[in-house]
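Lettering follows sequence order; numbering is per chain, from 1.
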Number of protein chains: 2
Amino acid sequence: MNGIVQNVVAINRDHHERASHCRHCQSCMKKPVCPAYELVSGQQLDGESGMLQKTIQPGQSVFRASDKFDGIYMVRSGFFKSFFIDADGVMQVTGFHFPGEIFGIDGIETGFYNDSVEALDTGSICKIPLSLFTGSPARKSSIGSDNLLNLSEYNMNGISRMVPLMKIMSRTISRDRNMIFALGKLCAKRRLGTFLLDISARMAQSGYDANQLHLFMSRTDISNYLCLALETISRLFAQLHAENIISVDRRDIKILNMPALQALVRDDATSESALAQTA
Amino acid sequence: MNGIVQNVVAINRDHHERASHCRHCQSCMKKPVCPAYELVSGQQLDGESGMLQKTIQPGQSVFRASDKFDGIYMVRSGFFKSFFIDADGVMQVTGFHFPGEIFGIDGIETGFYNDSVEALDTGSICKIPLSLFTGSPARKSSIGSDNLLNLSEYNMNGISRMVPLMKIMSRTISRDRNMIFALGKLCAKRRLGTFLLDISARMAQSGYDANQLHLFMSRTDISNYLCLALETISRLFAQLHAENIISVDRRDIKILNMPALQALVRDDATSESALAQTA
DNA sequence: CGCGTTCTTGACTCCTATCAAGGAACGTGG
DNA sequence: CCACGTTCCTTGATAGGAGTCAAGAACGCG
């Protein structure tokens with residue numbers, strides 16, 4: 001029932017649980033997906049690089065919206081959520097972050113983070129200071145009214161270090177486009193199905209079982225993120241359970257019939273046929 | 001009734017209506033908003049720069065989805081729409097483009113455009129070849145499986161030319177975020193109100209009257225873009241007309257009570273109070 | 001054990017989509 | 001100039017999906 005929890009522990013073992021300057025990129029498990037590693041590989045990393053890793057407790061924030069932008073973050077372990085509080089004081093969940101993923105890039109233009117990010121469970125993150133991308137010492141990165149313009153000053157020397165940033169931004173754009181599509185064109189059931197498949201794929205990419213999901217976020221967070229009512233989420237979980245597509249035990253979800261789930265998302269109301277084929 | 005059409009003509013006068021290599025950036029009206037100008041200012045532009053301007057007839061496309069990416073575009077005059085055809089053959093409108101605005105940036109990561117773009121009326125565009133950003137001759141930009149990685153090769157020389165690209169991408173991200181918010185949290189009426197305000201602001205920025213809008217797109221395009229039924233758009237126009245917030249004459253929209261329109265978008269169903277205050 | 005938080009389930013309402021029909025503008029050809 | 005078809009838009013009737021309101025259940029915690 002909680003093999004997932006064991007996985008979390010297993011991953012945590014490889015991490016340094018105290019905040020410290022990172023001298024360990026060479027041995028970091030996340031190398032293949034880390035934009036920082038791309039930049040520092042072959043270089044000597046020292047305390048002045050500004051790379052920092054840190055353990056975050058559940059509910060604790062990494063940064064808050066309107067904090068001064070001073071770098072992007074990579075999740076080493078644990079799960080995080082992004083959100084902002086709108087003019088009416090209502091929370092808007094803007095995303096969830098899994099091990100190996102990046103967040104905080106959105107602050108780069110204005111010089112301030114747009115979202116707050118907080119831990120859903122105990123996790124550890126790696127801060128990648130902007131200076132690593134610009135190639136300039138961190139202290140020089142005084143952020144003016146137009147941060148991006150200032151960036152150009154830092155690129156007098158050699159290969160542009162912005163390519164990894166652009167990759168991240170491109171990925172952000174295409175993820176946002178998918179969200180627009182989901183919110184605009186999909187009914188509640190397909191939206192939730194898409195969400196589950198997305199979580200599943202990202203869990204798999206982080207080394208977890210794609211069919212055993214532990215949702216670290218509440219129903220409220222999910223409903224807010226998917227722009228649905230909390231009750232709708234609850235009803236849909238029950239419905240998918242009744243259709244034997246998933247099993248639901250509080251926040252532990254098992255995907256019992258992946259093809260049916262995929263068909264549901266793709267083909268609208270044709271889930272029965274897929275169910276017949278595979279169950 | 002058609003003061004807007006006159007404006008279009010006025011702007012067109014300043015443009016070169018045939019496709020030709022651009023030697024006129026120095027005198028271009030769009031300089032302040034053009035990322036290309038930022039790159040070429042102070043330089044001699046010749047035929048080899050690859051800058052190209054072109055007149056597009058209504059309904060004609062600039063490029064099609066899955067065409068090979070070979071640069072981004074700026075609207076010099078006229079109005080354009082972006083869209084793609086999904087797996088089921090259904091058109092999805094992804095945006096509209098006004099004079100001075102940029103499109104085509106989304107192709108940069110994959111090396112292929114994601115959307116098709118076509119003219120809603122007669123217009124002219126300026127193609128800004130990727131080489132202008134990378135600083136390499138156009139012929140060298142052979143696009144591999146990972147286009148962005150290749151970009152790094154082109155940045156051995158001097159100031160990073162990617163800063164303007166990153167600015168555009170940042171703007172794209174924040175516009176997409178607004179769309180997510182609109183689709184997720186706003187009811188149909190507020191969605192359409194937001195759309196009208198957006199059009200109005202962009203028209204104003206392009207030098208038109210913010211209160212006299214000519215919609216170059218059909219109701220179908222609007223409904224598709226806003227993810228609403230065509231009939232809903234029609235009904236809401238009628239309703240806003242009845243409330244004296246706008247007047248509607250086919251595609252000519254007059255904003256009669258801007259504060260009420262803004263209040264409607266902000267405060268939900270409180271439009272009557274704003275109407276009382278200002279009308 | 002009691003309490004608060006989180007989640008589930010039911011009843012009802014409302015917004016928007018869908019289906020259907022008709023009207024207005026436009027271009028074409030007679 | 002008018003008849004005609006086409007496209008685009010409007011308006012009405014109806015239905016369904018998801019939200020809201022409300023009550024209760026399950027779990028965690030002190």
Residues A:R175, A:E101: salt bridge by 4.0 Å N-O rule = no
Looking for any heavy atom pair under 4.0 Å, which part of the strands does B:S234 touch: base, sugar-phosphate only, or nothing?
-> base
Does anything in residues 176-187 of chain A pair up under side-chain hydrogen bond (donor to acceptor under 3.5 Å, both in side chains), and if so which pairs, sequence neighbours excluded?
-> A:D176-B:R177, A:R177-B:D176, A:K185-B:Q92, A:K185-B:N224
Check the distance between C:dT16's P and B:K189's NZ and give it to me in whole angstrom.
-> 10 Å
Between atom CG in B:L230 and atom C1' in C:dT16, what is the gap in whole Å?
-> 13 Å
Would you say a side-chain N or O of B:R235 is under 4.0 Å from OP1 or OP2 of C:dT16?
-> no
In whole angstroms, how far is the P atom of C:dT8 from the CG atom of A:L240?
-> 12 Å
With a 4.0 Å heavy-atom cut-off, tell me which residues in residues 83-90 of chain B come close to DNA chain C, sorted by residue number.
-> none
Once you round it to whole Å, what is the distance between P of C:dA17 and CG of B:L192?
-> 12 Å
Give the first and the last nucleotide of DNA chain D, reading 5' to 3', that has any atom under 4.0 Å from a heavy atom of chain B.
-> D:dC8 to D:dA13
Rounded distance (Å) that lies between atom P of C:dT16 and atom CG of B:L226 = 12 Å
In whole Å, what is the span from the CG atom of A:L228 to the P atom of C:dC15?
-> 18 Å
Atom pair distance, as rounded to whole Å: CG in A:D249 and P in C:dT6 | 18 Å
Indicate, with a heavy-atom threshold strictly under 4.0 Å, whether A:R191 touches base, sugar-phosphate, or nothing.
-> nothing
Between C1' of C:dC15 and CG of B:L186, the distance in whole Å = 14 Å
